[in-house]
2 protein chains.
Amino acid sequence: MSKYFTRINLIVTFVRSKFMVMFSLSEENYLKAIFHLQTHPKAGVSTNALAEEMQTKASSVTDMVKKLSDKNLVIYKKYQGVYLSESGRETALQIIRKHRLWEVFLVEKLDFTWDEVHEVAEELEHIKSEKLISELDKFLDYPKRDPHGDPIPDAQGDFQVANKTLLSDLSKGEKGTLVGVKDTSPEFLKYLDKNDIALGKTIEVVDKEEFDGSMLIQIEDQSLRVSTMVTANIFIKI
Amino acid sequence: MSKYFTRINLIVTFVRSKFMVMFSLSEENYLKAIFHLQTHPKAGVSTNALAEEMQTKASSVTDMVKKLSDKNLVIYKKYQGVYLSESGRETALQIIRKHRLWEVFLVEKLDFTWDEVHEVAEELEHIKSEKLISELDKFLDYPKRDPHGDPIPDAQGDFQVANKTLLSDLSKGEKGTLVGVKDTSPEFLKYLDKNDIALGKTIEVVDKEEFDGSMLIQIEDQSLRVSTMVTANIFIKI
DNA sequence: TAAAATATTTAGACATCTCTAATTTTAAAA
DNA sequence: TTTTAAAATTAGAGATGTCTAAATATTTTA
Ligand SMILES: [Mn+2]
Ligand SMILES: [Mn+2]
Ligand SMILES: [Mn+2]
Ligand SMILES: [Mn+2]
């Protein structure tokens, strides 16, 4: 295993008889953001959407998108938005894999709560070591989901897409299990904690207000009224 | 807890009623390098020594040293070398604490060998999270030494300086316990592994060759001849 | 479909960290 | 003590990633 250095983010490492290129922290964060915005692949991800997601300016996004395009990580046509290429998708999935494995580690081993892990995982996901991640995966006993219910891609980037529905899409009388959250902000997660709403619990829609979509739900032995701000961010498996 | 951002490395976080400034990856690595070179504090650390340690050019070192001086992390007078200030020392020790805790984690929990941990810890040491480190410390049961026998500073930066001697400084007939290694390169560590030389083992100097300083040592039930390249990099506690 | 509003890109600049080449200072040798 | 060698600094520039302001393209609305 030999290495060639040309600045810190052009490190190229010979791994398993193929060249695996390393990307900068910025590049990795962009790829991940594009992946997350790319759920509905009819149109490319827009510059402004990416700027919002990355907390930066549209002009910075244009610059970076050009750079990613030069590296064949995205497909980009001026004014037409951006898509991940196959290689960009693979890279994004590896970063997401690392992010979610670290989140599991923080919660399972270091007593972090699910609202504390995201920020730290945002940094840990960029550590460069194949062995670190495969060993971490083994240490955690190959978890399939992160603390927020999101699937963890395996070393090949494969993962199960759960068939889940937003609570807000359920009708009166329907019930299921809470399997994930859409909004993973500390604010939302703390709200859920405060109201004893957790992964794995059974939820039934007792009543649904047509006017504003708010619901009266039965969650285990607790009855609770919740707004659409809440129901539109909870995933249910029926 | 509120945050103010001005570029990624000017993040200032209000922690425990005092301002704790965050430093860039480069700044942190420089501080650590100065600390390690600063063992004999008669003269300041020279520009060239730092350049060698940091694998960079002397002119780059001069630039960075000025920057660190502006931030009061080092005391620097042109052509006179550089010293860590109290605040620089504290910062360096916190990074070293993180580095060594991660090394313990990698060996104890993820089955890394002692020659594999340094490179990864070099990245992990820069993750910004007080909680991460205090929880990691707890998870590892507050280890006092890293896999190479080096002391781990506590949260206040305090650590025990072991009274240890280089094996090369022992005379014929003297013996003691292997408590540390000076050279932590994978090459040296693999040499030690290959010859069953490990921390905690008892070593006795059976014979010492005056001509080249090489020794015949008895290590547990094994007899071995070693050069000064080896003996000058092994720490013994008598 | 033309005007207005919005989205995106370009131009030019700045901060950080790095480099090479030239200059200056200090240390060593004659 | 002068000369020479080594060490350190300065000058100038490049790469990366960011920003503001101006220009251009696209979409929406009238
Ligand atoms: Mn990140
Ligand atoms: Mn998550
Ligand atoms: Mn480092
Ligand atoms: Mn170590």
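Chain identifiers are assigned alphabetically (A, B, ...) following the order of the sequence lines, protein sequences preceding nucleic acid strands; residue numbering begins at 1 within each chain.
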Whole-Å distance separating the CG atom of Leu25(B) from the C1' atom of dT16(C): 12 Å
Distance-only donor-acceptor test, Ser59(A) side-chain atoms vs dT20(D) base atoms, 3.5 Å: yes
More than 12 heavy atoms of other groups within 6.0 Å of Glu52(B) CD: no
Spatial distance of atom CH2 (Trp102(B)) from atom CD (Glu125(B)) [nearest 0.5 Å]: 11.5 Å
Nucleotide dA15(D), atom C1' - distance to CG of Asp70(A) in whole Å: 14 Å
Separation of atom OH in Tyr79(B) from atom P in dT25(C), rounded to whole Å: 6 Å
Thr62(B) side-chain N/O to dT9(D) phosphate OP1/OP2 under 4.0 Å: yes
Aromatic ring proximity, centroids under 6.0 angstrom, His99(B) and His118(B): yes
Spacing between Lys78(A) atom NZ and dA23(D) atom P, to the nearest angstrom: 16 Å
Interatomic distance, Gln80(A) CD vs dT8(C) P [rounded to whole Å]: 10 Å
Sugar-phosphate, base or nothing in reach of Lys77(B), heavy atoms under 4.0 Å: nothing
Minimum-distance nucleotide (side-chain atoms of Lys57(B) versus dT20(C), dT18(C), dT18(D)): dT20(C)
Phosphate-side-chain proximity, Lys66(B) and dT10(D), N/O vs OP1/OP2 below 4.0 Å: yes
OP1 or OP2 of dC19(D) under 4.0 Å from side-chain N/O of Thr56(A): yes
Nearest-Å distance for atom pair CG/C1', residues Asn48(A) and dT6(C): 9 Å
Rounded distance (Å) that lies between atom C1' of dT16(C) and atom OH of Tyr30(B): 12 Å
Check ion pair Lys138(B)-Glu135(B) (N to O, under 4.0 angstrom): yes
Mutual orientation of the aromatic rings belonging to Phe105(B) and Phe139(A) [parallel < 30°, tilted 30-60°, perpendicular > 60°]: perpendicular
Glu52(A) CD - dT6(C) P separation (whole Å): 17 Å
Sugar-phosphate only, base, or nothing, as touched by Ser60(B) at under 4.0 Å among non-hydrogen atoms: base
